[in-house]
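First up is the structure itself, then whatever we jot down about it.
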Amino acid sequence: MNLTLGNKIVLVGNGAVGSSYAYALLNQGLCDDLVIVDLDEEKVKGDVMDLNHGIAYAPTPMNIRYGSYKDCKDAALVVICAGAAQKPGETRLDLVNKNVKIFKSIVESIMDSGFNGIFLVATNPVDILSYVTWKFSGLPKERVIGSGTILDSARFRYLVGKEFDTAPISVHGYIIGEHGDSQFPVWSSANIAGTPVAERLSEERKEEIAVEVRDAAYEIIKAKGATYYGIAMGLIRITKAILRNEHVVLPVGALVEGEYGHQDVFIGVPSVITRYGVKKIVELSLTEDEKEKLTKSVQTLKEIQNSAI
Ligand code: NAD
């Protein structure tokens with residue numbers, strides 16, 4: 001299947017995450033055309049006006065407008081941040097079922113347009129919804145990318161960087177597995193300039209960092225209702241890697257088919273990102289303990305996946 005090239009982006013879902021992504025796109029001048037789709041037409045129209053008033057000071061001009069799924073026809077990338085939020089008293093599985101239904105209708109409408117590009121999914125539970133997008137779209141697996149553990153890994157690099165007074169960009173390390181409670185840091189390969197960090201931290205401190213990364217979203221949501229800037233930057237990083245054919249390694253949600261000994265599930269793993277999507281999953285050499293944690297994380301996801309689809 002021929003892939004649509006160019007750099008037109010359709011953003012589906014213009015809530016806190018989607019609108020932060022649109023703002024970051026404009027600031028980084030990553031595309032020529034941005035079309036925003038959301039049920040809340042009025043809010044999108046307001047945001048489009050607001051964003052357009054910033055173009056005079058953006059690095060490059062950009063066409064930004066409100067649109068519909070038909071606009072996906074010639075899009076290079078569709079980014080999905082749409083979905084229902086968890087309501088009080090609603091279980092996680094209720095939310096999964098609700099968002100799976102929403103995704104069925106969104107993905108089918110996108111595919112009906114003749115879309116032949118790459119999907120980038122951020123809506124939670126992101127690993128399940130990336131899988132669902134892959135299934136409903138019928139696109140090759142490399143063309144569906146979840147945000148996976150891109151944000152969790154950035155949080156990890158920030159915290160380890162603070163520990164050693166080093167910029168996060170110089171901290172090399174990954175959170176892998178579910179974007180959720182069963183995720184974990186791969187301490188065995190985390191390093192700064194090739195120097196392992198795990199041996200310079202106590203077991204207690206390592207556990208504190210892992211917990212702080214895992215629970216960061218709860219803390220932010222408690223403080224301001226939602227998390228959006230960090231994930232928007234993560235989505236932008238993946239967008240840039242795709243559009244500029246970077247071949248960079250990023251921790252994204254990718255479909256494993258034998259890698260790490262698992263299959264038929266989207267999980268956060270370091271992957272090489274190119275203009276064609278996920279070129280390759282990088283298999284870190286894990287300790288026995290890390291392998292066990294990954295297996296548990298995969299089991300957690302599969303249980304939800306099996307009951308939701
Ligand atoms: P939000 O409620 O602010 O925005 C959701 C948007 O989706 C709303 O504008 C709503 O109108 C729209 N929408 C709902 N159903 C739709 C449909 N059928 N078609 C089109 N638009 C529809 O939520 P948010 O804070 O922006 O979060 C969005 C999602 O991103 C959530 O699922 C959230 O959990 C997730 N998230 C993921 C990460 C990550 O790391 N992957 C981080 C933060 C948030």
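Read the numbers this way: they start at 1 and go in the same order the structure lists the ligands and their atoms.
Nearest protein heavy-atom contact of atom 25 (O) of ligand 1 is Ala16 CB, 3.6 Å. Nearest protein heavy-atom contact of atom 2 (O) of ligand 1 is Gly83 O, 4.6 Å.
Residue Asn14 has at least one heavy-atom neighbour below 4.0 Å for each of these atoms of ligand 1: 9 (O). Annotation for ligand 1: atoms under 4.0 Å from non-hydrogen atoms of Thr227 are 42 (C), 43 (C), 44 (C). Atom numbering of ligand 1 starts at 1 in the shown order; those under 4.0 Å from a heavy atom of Gly15 are 1 (P), 3 (O), 4 (O), 6 (C), 9 (O), 26 (O). Near Leu151, meaning under 4.0 Å from any of its heavy atoms, are these atoms of ligand 1: 40 (O). Near Ile231, meaning under 4.0 Å from one of its heavy atoms, ligand 1 places the atoms 38 (C), 39 (C), 40 (O), 41 (N), 42 (C), 43 (C). Interface of Ile102 with ligand 1, defined as ligand atoms under 4.0 Å from a residue heavy atom, comprises 18 (N).
Looking at His179, Arg214, Arg157 one by one, the single match for side chain to side chain donor-acceptor pair (under 3.5 Å) with Asp152 turns out to be His179.
For atom 41 (N) of ligand 1, the nearest non-hydrogen atom from the set Ser147, Ser109, Gly148 comes from Ser147. Which of Gly230, Ser130, Ala82 comes nearest to atom 22 (C) of ligand 1 through a heavy atom is settled by distance: it is Ala82. When the heavy-atom distances from atom 10 (C) of ligand 1 to Val17, Asp38, Leu39 are ranked, the shortest goes to Asp38.
Judged by distance alone, the side chain of Gln305 and the main-chain N or O of Ile128 form no donor-acceptor pair under 3.5 Å. Looking at Ser147, its side chain never comes within 3.5 Å of a backbone N or O of Ile150 through a donor-acceptor pair.
The shell of residues lying under 4.0 angstrom from ligand 1, judged by heavy atoms, includes Tyr69.
Residue Thr123 has no N or O atom closer than 3.5 Å to an N or O atom of ligand 1. On a distance-only criterion, Ala122 and ligand 1 share at least one N/O pair closer than 3.5 Å. Of the polar atoms of His179, at least one N or O is found under 3.5 Å from an N or O of ligand 1, judged by distance alone. Where the criterion is an N or O separation shorter than 3.5 Å, residue side chain and backbone included, Asn124 meets it with respect to ligand 1.
Listed by chain and number, the residues in a side chain to side chain donor-acceptor pair (under 3.5 Å) with Lys104 are Glu108 (sequence neighbours excluded).
Here the closest heavy-atom approach between residue Val37 and residue Gly67 is recorded as CG2-O, 3.7 Å.
Between Lys45 and Glu42 there is no salt bridge, since no side-chain N of the basic residue sits under 4.0 Å from a carboxylate O of the acidic one.
In this structure, Lys43 and Ser19 have side chains that are in contact, with non-hydrogen atoms separated by less than 4.5 Å.
Distance check for atom 15 (N) of ligand 1: a protein heavy atom is found below 4.0 Å.
Note: Trp187 and Phe156 have perpendicular aromatic rings, judged against thresholds of 30 and 60 degrees for the angle between ring planes.
In this structure, Lys73 places its NZ atom where only 12 or fewer heavy-atom neighbours from other residues, nucleotides or ligands lie under 6.0 Å away. The environment of Tyr276 atom OH is sparse: at most 12 non-hydrogen atoms of other residues, nucleotides or ligands sit within 6.0 angstrom.
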> Would Lys206 and Glu203 count as a salt bridge (charged side-chain N to carboxylate O under 4.0 Å, His left out) if you check the C-alpha gap in whole Å, the side-chain angles of each, and the deciding distance to 0.1 Å?
Replying inline: CA-CA 5 Å; Lys206 282 191 284 187; Glu203 287 307 314; 3.0 Å; yes
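Only the backbone of Cys81 comes within 4.0 Å of ligand 1, judged by heavy-atom distances.
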